[in-house]
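As the structure is a computational prediction, the values presented were derived from the model and not from experiment. Letters A, B, ... are given to chains in the order of the sequence lines, protein chains preceding strands, and every chain is numbered from 1.
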Amino acid sequence: MSVATREGEAKPACLSLLRPEMALKLAHRPSRARMRAPLPMSTERKTLDQRAQMSDIERLRHSCAHIMATAILRLWPDAQFAYGPPIENGFYYDFQMQHRITPDDFEKIEAEMKKISKENQKFEWKGISREDAKAMAESGRLGGLSERPGNPSIFKLDLIDKIPEGEQISCFQNGDFIDLCAGPHVGYSGKCKNVKLTSVSASFYMGDETKASLQRVYGTAFESKEELEAHFVRLEEAKKRDHRKLGKELKLFHIDEDVGQGLILWTPNGAILRQELQNFISEELRKQGYSQVFTPHIGKLSLYKTSGHFPYYKDSQFAAIVENDDLAKVIHEGCGCGEVMARLGGISAKLRQQLNDRAGKEVVSEENVLPDDQLLDGFMLKPMNCPHHIKIFDSQPRSYRELPVRLAEFGTVYRWEQSGELNGLTRVRGFTQDDAHLFCTEDQVAAEVLGCLSLVKIVLNTLGMTDYRVRVGLRDPDSSKFTGNPEQWDKAEEACRAAAATLGVPFTEEPGEAAFYGPKIDFVIKDVIGREWQLGTVQVDYVLPVRFDLSYIGSDNKSHRPVMIHRAPFGSMERFCGVLIEHFAGHFPTARQSPLHARPRRERSYCRWSLCPPC
RNA sequence: GCUGUUGUAGCUCAGUGGUAGAGCACGUCCUUGGUAAGGACGAGGUCGAGGGUUCAAAUCCCUCCAACAGCUCCA
């Protein structure tokens, strides 16, 4: 059974709960305004030409950054400024000073900024020689209101050194404030009156963790008061769609401190949502000839040593689980913690030999080898499903007639994410991938990649999620990170490129973004506040079949190496549901027969949201 | 992990050193031919955890934990 969509494509029966008129309406919902999404600090300098192309609003915001710096200096003259670019919806300036800015200071700074705007200071460009620039920085004059003996402009000095020889060095002056700056700026500070400071945070100089820690104040600025107000209205609207807020209101999921950070408890309502999606994808998988499998949540360390995930990715995995008797033994032997860790991380000489032989070169160095009686094995919460699926493929001899073998599982994996990076459903420590691994011949790669992509496209189109882009991750030829032989890479990259081109959506090729084992295609979806989330992914892999010594018998009755394709159209159920909640703003497409609807009066508060969710 | 902010009832929040509060939600009863109806009464809190200062701490100080924003990272 299928229903028509506006694209005229058949809609899978498993989304039978989708009311066509609702789907249509939702698909046309305009994407909400983007909240401040800081542009990643580019490690490459912009050329003067690129700078000259700054749009009017970027000019205004950049000037606002200078005005904010001026205001901060009037209040705290010791401040040392680093970097103050315009960003989407606003600007920031990074600086270092004794006083720690808190949001309570914003009012003071804004008041000072307003004064500066009223003073209508002229922004004046001055070309200066490298020597003069350095002298001004030494005296503390650059990024200051006056000379500041004993307080040289340290960051400006560094920035001057980064300006290539022969390039014009310039500064801009407004009032007493002189800053090293290539511009461009607005003519007068009077233009910068619709400004509001939004947040303060820490940053690192040049985005480098090892460099100085700076304070960063963010602000937003627009040409008119109306636009500024509209911006804050949009932010409010975006907040209402936040999946964490809706998740609580609609009782979709719960995160409990006692269970742990980043570990999702799916409550009955959320389980309905997730189950519908799983049914939907299961149906598509069945159509495309996948086989469903189930595998356990843990596996032995040696499995991940063979795959190469341990200890290479050790920092982003949960620690090993050591069996009681083994633990008692090492305690009895008086092992220190460091020694236990080393014994867990070691690899046997035999396994090292096997891996190196299979790869035809040294992929595991001798320093990781420990004598067998020193090795301590344990288990690990699985950080990915591939090794388990590989073992299923390898559990019996395979003929080319069976290929491609497509093994699918809603596989739950666990990864150790930094605490500051956790975010509702979109960044978690335990999540379920709609994972599958395809084992195919070299010649089947292109067709299989194409099949995977069409699956992702069906999923996204069915749900009306059209604000996405496609990223083809290619290898960086200069990097040693990428293993495998160049011809295979070329072939796989070409297959990915060609497959992406058939999608009919813009895609970018990004050298250096490939996984170490092969090229990949990612679907990146923008959420309601402009953050991009990588959801679906398709990756070609030539490495794991080698490490696990996989083979099949070809028509020539000889053994051949299969190619693996990893793919997950949703990415993870958690992240996808998070993005989906915001996409639909909680107005999930449901039909009359949906369990979300038929609720007795007693549970009025419960059914309310499915009929008339909070707007 | 780093910087900052926040943490009080199921939810949203008020409460600046002196007996723990409001609205909504919840329970019982009454009213009411109807989809967030009205009324009466009621229940619900070691004020994130632990320590300290004080005659006295939700409130001041310290240490943790967690959430949020940003940075950094992300197979």
Side-chain angles (χ1 to χ4, degrees), chain A residues 35-41 83 87 90 92 94 96 99-106 198-218 235 239 242 244-245 247-251 254-263 304 307-310 312-317 382-387 413-424 426-429 431 433 435 473 481 513-518 520 522 529 531-534 537 539 541 543-544 566 568 571-572 575 597 599-614:
Chain A
M35 209 160 102
R36 141 176 55 66
L39 304 177
M41 187 185 288
Y83 233 59
I87 55 172
Y92 68 79
D94 282 348
Q96 196 173 49
H99 174 76
R100 287 234 168 268
I101 298 269
T102 71
D104 292 340
D105 296 317
F106 288 175
T198 51
S199 65
V200 57
S201 74
S203 65
F204 297 104
Y205 182 59
M206 305 305 284
D208 183 342
E209 212 169 341
T210 62
K211 296 209 164 91
S213 176
L214 306 173
Q215 304 192 57
R216 174 177 296 179
V217 174
Y218 285 92
L235 284 188
K239 265 193 207 161
D242 190 308
R244 292 163 301 191
K245 177 179 147 75
K248 197 177 267 184
E249 284 176 5
L250 308 184
K251 299 193 174 73
H254 174 63
I255 299 169
D256 193 281
E257 279 187 34
D258 286 339
V259 174
Q261 285 180 279
L263 299 171
Y304 300 103
S307 72
H309 292 111
F310 186 92
Y312 190 61
Y313 290 114
K314 203 170 60 183
D315 290 344
S316 43
Q317 291 164 357
K382 67 177 174 187
M384 66 283 301
N385 302 300
C386 346
V413 298
Y414 300 88
R415 298 180 190 181
W416 187 258
E417 301 287 354
Q418 293 185 79
S419 62
E421 203 41 59
L422 297 170
N423 179 286
T426 49
R427 192 78 183 261
V428 293
R429 284 183 176 158
F431 56 96
Q433 296 178 309
D435 209 359
K481 175 182 150 195
E513 286 301 306
F516 72 90
Y517 47 72
K520 62 177 185 176
D522 292 331
I529 54 176
R531 286 174 302 204
E532 288 195 323
W533 292 104
Q534 184 196 314
T537 180
Q539 305 181 358
D541 180 0
V543 172
L544 285 181
H566 310 243
S572 86
R575 181 176 289 182
H597 261 258
R599 291 287 155 183
R601 184 186 158 86
R602 203 178 128 67
E603 293 183 38
R604 198 176 57 222
S605 66
Y606 172 90
C607 75
R608 189 171 67 209
W609 63 265
S610 66
L611 293 165
C612 177

Partners passing side chain to side chain donor-acceptor pair (under 3.5 Å) against [X] (at least two apart in sequence or in another chain):
X	result
K248(A)	none
T537(A)	D522(A), Q539(A)
N385(A)	K382(A), Q433(A), D435(A)
Q215(A)	none

Practice problem: Apply salt bridge (charged side-chain N to carboxylate O under 4.0 Å, His left out) to R415(A) and list each qualifying residue two or more places apart in sequence or on a separate chain. | Solution: none
Quiz item: With sequence neighbours left out, what residues match D541(A) under salt bridge (charged side-chain N to carboxylate O under 4.0 Å, His left out)?
Solution: none
Exercise. Would you check if the side chain of R429(A) reaches a backbone N or O of E417(A) as a donor-acceptor pair within less than 3.5 Å?
Key: yes
Please list, for nucleotides 62-66 of chain B, all pairs of protein and nucleotide N/O atoms separated by less than 3.5 Å.
residue	atom	partner	partner atom	Å
A66(B)	OP1	Q261(A)	OE1	2.7

Quiz item: Can you list the stems that RNA chain B is part of, where a stem is at least 3 pairs in a row, each Watson-Crick or G-U, with both distances below 3.5 Å?
Solution: B:1-7 with B:65-71, B:10-13 with B:21-24, B:26-31 with B:37-42, B:48-52 with B:60-64
Quiz item: Looking at A69(B), G1(B), U12(B), which one has an atom nearest to any side-chain atom of N423(A)?
Solution: A69(B)
Quiz item: What nucleotide, of C71(B), U12(B), C73(B), holds the atom closest to the side chain of R427(A)?
Solution: C73(B)
Quiz prompt | Residues which pass side-chain contact (heavy atoms from CB on, under 4.5 Å) with V428(A), listed by chain and number, not counting sequence neighbours | solution = I264(A), F431(A), E574(A)
